[in-house]
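Below: one structure, written as structure tokens.
All values below come from the heavy atoms of this structure, side chains included, with hydrogens, waters and symmetry mates left out. Chain A is the first sequence line, chain B the second, and so forth, proteins listed ahead of strands; every chain is numbered from 1.
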Amino acid sequence: DAGVIQSPRHEVTEMGQEVTLRCKPISGHNSLFWYRQTMMRGLELLIYFNNNVPIDDSGMPEDRFSAKMPNASFSTLKIQPSEPRDSAVYFCASRLGEWAGELFFGEGSRLTVL
Amino acid sequence: TQLLEQSPQFLSIQEGENLTVYCNSSSVFSSLQWYRQEPGEGPVLLVTVVTGGEVKKLKRLTFQFGDARKDSSLHITAAQPGDTGLYLCAGSSGGSYIPTFGRGTSLIVHP
């Protein structure tokens, strides 16, 4: 069975450009998370969806970041305009159910903004 | 915001040594998870603990949840090079179903 699929794996862009990261969760999972990982700050939650509805977006840094989940099998994280401080590895994770369930992570999208 | 402090931040040991890493918070958690992350990959769940005082064993790894459910430890016996990786703890509390992660302990086991 396929795990969480993220694309692209690597993205290098210039400051000011729009970046779109994509995620396909595991089929049947109803919770989806976007995290950002840096050496300085570790894994930080950006946004949490449950049944395709954003439940907690308090971790979204600012208006430059937006996330959507149009259906149960697809989510996007968009950064517009991108800045060098957005450089990080962005992870998508999905979970079946809530509470103490296991998070299944994708392999991440490494973003470098020059 | 619940903060999870992990220590040590870095650990470099020889194969066969024992080690313990810690995860501490001032918050009470309803559940706590440990994940391991290898370079270029996403974290993978090792264990979930939910009861204060709970101890779980996974081969050479022993996980303990503190009695007050504010802290946890991971002990590895006879470490092997395959144990190398970033060990992350993640806690969920109250009505939140959203795991908060510590910054991790980066472990290197030398052959």
Side-chain donor-acceptor pair present, B/His110, B/Ser12, cut-off under 3.5 Å: yes
Which bit of A/Ile55 is near chain B, if near means a heavy-atom gap under 4.5 Å: side chain, backbone, both or neither? neither
Taking atom types as modelled, is there a side-chain donor on B/Thr48 or B/Gln33 under 3.5 Å from an acceptor on the other? yes
Measure distances from A/Leu43 to the heavy atoms of chain B and classify the residue's part below 4.5 Å as side chain, backbone, both or neither. both
Leading residue by heavy atom contact count with chain A [cutoff under 4.5 Å; candidates B/Val50, B/Leu45, B/Leu32, B/Val44]: B/Leu45
Interface check, chain B: of A/Arg9, A/Glu44, A/Arg95, A/Arg41, most non-hydrogen pairs under 4.5 Å belong to A/Arg95
Aromatic ring proximity A/Tyr35/A/Phe91, centre distance under 6.0 Å: no
What part of B/Leu88 lies closer than 4.5 angstrom to a heavy atom of chain A: side chain, backbone, both or neither? side chain
For B/Thr62 and B/His75, which I'm curious about, is there any donor-acceptor pair between the side chains at under 3.5 Å? no
For A/Asn71 and A/Phe74, indicate whether the former's side chain and the latter's backbone hold a donor-acceptor pair under 3.5 Å. yes
